[in-house]
Amino acid sequence: MGSFRIQNQSFSAPLDPRENGGFVTRSVPRPYVVEFPQSTRPSESVAKLIGACRHPLLLVDGRVAQLHLDAEPSLASVPRFTIEANEESKNIQTVLKIIDFLETNRATRTSMLAVVGGGIVQDLGAFAGYLFKRGIPWTFVPTTLLAQGDSGMGGKTALNHKKTKNLLALFSAPRRVIIDTGFLDTLGDNDMLSGMGEVFRLHVTGGVDFLTAFEQEFPRFKEGSKDALLRLIIGALSVKRAVIERDEFEVDLRRSLNYGHSFGHALEALVDFRIPHGIAVTIGMLVENEVALRRGLLSKSERDRMLRAGRALVPAASRNELASVKLDGILELLRRDKKTEGSALKLVVVESIGQIRFIDLELDTPTVGLLHDSVAAVVHAL
Ligand SMILES: NC(=O)c1ccc[n+]([C@@H]2O[C@H](COP(=O)([O-])OP(=O)(O)OC[C@H]3O[C@@H](n4cnc5c(N)ncnc54)[C@H](O)[C@@H]3O)[C@@H](O)[C@H]2O)c1
Ligand SMILES: [Zn+2]
């Protein structure tokens with residue numbers, strides 16, 4: 001059992017919360033189960049889900065369908081809407097097309113929309129599932145590490161609108177989440193690293209026992225251990241579950257899950273998204289740790305421990321992007337952060353491993369200097 005604190009509240013979370021192959025997450029208006037089936041092929045997990053539904057409908061990532069589902073005969077007769085997953089398609093127009101598909105196929109509250117894909121397909125399916133006739137049930141089968149180890153549980157969903165990423169947003173929780181790591185066999189290296197960045201963030205958030213587990217399992221994962229990969233996903237979700245069960249709708253403490261994202265999002269924009277999201281988050285965590293160190297909040301030895309663990313995730317290309325980034329526009333980017341109120345950004349910092357705090361970071365010229373020094377320190381250490 002790991003324990004950690006956010007502000008003045010204590011949390012505890014088991015390293016592996018599974019009972020009978022899954023665990024329950026409390027949610028409003030109803031709890032849902034996160035399952036980890038042991039199948040020989042990932043298509044089997046989807047076929048089993050579909051087979052158990054009275055009126056199934058399938059929303060699937062086109063690439064995933066081609067790689068994993070097209071050879072499964074039992075899925076051929078299920079009405080299907082295929083998505084080409086990219087940020088340009090993650091918008092309200094695509095959601096309206098999915099709604100037309102649901103209407104054409106007479107979806108009702110007794111239907112089940114099976115959503116199979118990564119975060120993009122999740123966002124589209126969750127949005128359509130929420131809007132259609134005041135909501136129909138949807139089940140998520142995440143196929144990327146980011147979606148399996150982080151976004152798939154928690155109910156947040158967002159669409160891009162005009163030029164703004166994730167501008168249209170709401171909460172829409174699935175009825176079930178089915179995690180089959182077999183899908184990850186075909187995921188690209190960058191997407192794998194990106195997801196691992198979020199998994200790392202959740203382990204650091206979870207305190208000493210979770211960080212120790214990450215330090216043990218990550219090298220095994222690098223050597224190809226499927227078991228280590230599954231343990232890392234389960235550990236990340238266990239920490240996330242503890243937080244969202246306390247504050248599902250991000251009234252306060254759930255903001256801690258944005259650790260690494262304030263600097264991470266700004267960095268992504270500064271390098272034109274050439275650093276994968278989860279890696280930008282990992283770098284964001286390390287830079288935000290430097291800020292905490294320089295504010296006298298974090299000890300050098302704990303900073304060093306997180307640095308050692310995080311360093312292993314950052315590929316040379318991302319390090320080089322960081323080394324040559326110009327911080328000129330950073331204040332403007334941080335002012336647009338949703339955690340900025342007035343002239344200050346509410347920054348999530350790790351005060352010690354297992355203690356998260358929110359601090360006010362004034363968005364002024366001395367802060368640019370502080371960030372400059374913090375980035376230089378991280379570049380040097382990477
Ligand atoms: N709702 C949330 O809480 C939440 C949280 C974080 C991120 N997101 C959103 O998720 C999106 C990113 O999602 P993502 O990183 O999961 O990936 P993605 O959905 O963007 O997919 C990335 C690429 O991988 C491909 N792919 C997916 N599964 C595959 C597999 N098993 N094998 C081979 N290729 C596969 C896709 O076709 C796509 O080309 C962003 O739009 C982000 O805003 C949502
Ligand atoms: Zn993220």
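Remember, it's 1-based here, ligands and their atoms both numbered in the order they're listed. We count residues from 1, following the sequence as given.
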Exercise. Could you find the nearest protein heavy atom to atom 42 (C) of ligand 1 and give me its residue, atom name and distance?
Key: K165 NZ, 3.6 Å

Practice problem: Select the closest option to atom 35 (C) of ligand 1 among N86, L187, L124, D185, judged by heavy-atom distance. | Solution: L187

Quiz item: For P56 and V78, which heavy atoms make the closest approach, and how far apart are they?
Solution: O-CG1, 3.7 Å

Quiz item: Going by heavy atoms in the side chains, are E198 and H261 under 4.5 Å from each other?
Solution: yes

Quiz item: What residue among V199, L232, L230, D227 forms side-chain contact (heavy atoms from CB on, under 4.5 Å) with F221?
Solution: L232

Quiz prompt | Test applied, side-chain contact (heavy atoms from CB on, under 4.5 Å); reference residue, P315; option that passes from I275, I279, L382 | solution = I279

Quiz item: What about V121: any of its N or O atoms under 3.5 Å from an N or O on ligand 1?
Solution: no

Quiz item: Does the ring of F11 carry R246 above it, NZ/CZ under 6.0 angstrom from centre and within 45° of its axis?
Solution: yes

Quiz item: Do E250 and K156 touch side chain to side chain, with heavy atoms closer than 4.5 Å?
Solution: yes

Practice problem: Could you please spell out the steps behind the side-chain contact (heavy atoms from CB on, under 4.5 Å) verdict for M153 and I244? | Solution: CA-CA 9 Å; M153 190 185 73; I244 62 176; 4.1 Å; yes

Quiz item: Which residue owns the protein heavy atom closest to atom 21 (O) of ligand 1, what's the atom, and how far is it?
Solution: T144 CG2, 4.1 Å

Quiz item: In the protein, what heavy atom is nearest to atom 28 (N) of ligand 1, and what distance, to one decimal place, separates them?
Solution: T143 OG1, 2.8 Å

Practice problem: Report the C-alpha distance between I356 and V349 in whole Å, list the side-chain angles of each, state the deciding distance to 0.1 Å, and finish with yes or no for side-chain contact (heavy atoms from CB on, under 4.5 Å). | Solution: CA-CA 6 Å; I356 300 263; V349 295; over 6 Å; no

Self-check item: the Zn ion (ligand 2): angle it makes with OE2 (E198) and NE2 (H277), nearest 10 degrees
Solution: 90°

Quiz item: Which ligand 1 atoms does L67 reach within 4.0 Å, using its non-hydrogen atoms?
Solution: 32 (N), 33 (C)

Practice problem: Could you list which atoms of ligand 1 come closer than 4.0 Å to a heavy atom of V64? | Solution: 27 (C), 28 (N), 29 (C)

Quiz item: Less than 4.5 Å apart, any side-chain heavy atom of L145 and any of D191?
Solution: no

Quiz prompt | atom 24 (O) of ligand 1 - nearest protein heavy atom and its distance | solution = D191 OD2, 3.7 Å

Quiz item: To which protein heavy atom is atom 32 (N) of ligand 1 closest, and what is the distance rounded to 0.1 Å?
Solution: T186 OG1, 2.7 Å

Self-check item: Residue K156 vicinity, atoms of ligand 1 by number, heavy atom under 4.0 Å
Solution: 1 (N), 2 (C), 3 (O)

Practice problem: Would you tell me whether T110 and T108 have side-chain atoms, one donor and one acceptor, within less than 3.5 Å of each other? | Solution: yes

Self-check item: Atom indices of ligand 1, in the order listed, that fall short of 4.0 Å to a heavy atom of Q122
Solution: 1 (N)

Exercise. Identify, by atom number and element, the atoms of ligand 1 in contact range of R63, meaning under 4.0 Å from any of its heavy atoms.
Key: 33 (C), 34 (N), 37 (O)

Quiz item: Taking heavy atoms and a distance under 4.0 Å, where does D150 meet ligand 1: side chain, backbone, both or neither?
Solution: neither

Quiz item: Between E87 and ligand 1, which residue portion shows a heavy-atom distance shorter than 4.0 Å: side chain, backbone, both, or neither?
Solution: side chain

Quiz item: What's the spacing between S39 OG and K48 NZ if we round to 0.5 Å?
Solution: 8.5 Å

Quiz prompt | Shortest protein contact, atom 44 (C) of ligand 1 (heavy atom only) | solution = D123 OD2, 3.5 Å

Practice problem: Tell me which protein heavy atom sits closest to atom 20 (O) of ligand 1, plus the residue, atom name and distance to 0.1 Å. | Solution: I120 CD1, 3.2 Å

Practice problem: Please identify which atoms of ligand 1 are closer than 4.0 Å to at least one heavy atom of G118. | Solution: 16 (O), 19 (O)

Quiz prompt | Test side-chain contact (heavy atoms from CB on, under 4.5 Å) applied to R305 and V208, step by step | solution = CA-CA 11 Å; R305 182 171 174 189; V208 174; 4.2 Å; yes

Quiz prompt | Residue and atom name of the nearest protein heavy atom (relative to atom 7 (C) of ligand 1), distance in Å to one decimal | solution = L146 CD2, 3.7 Å

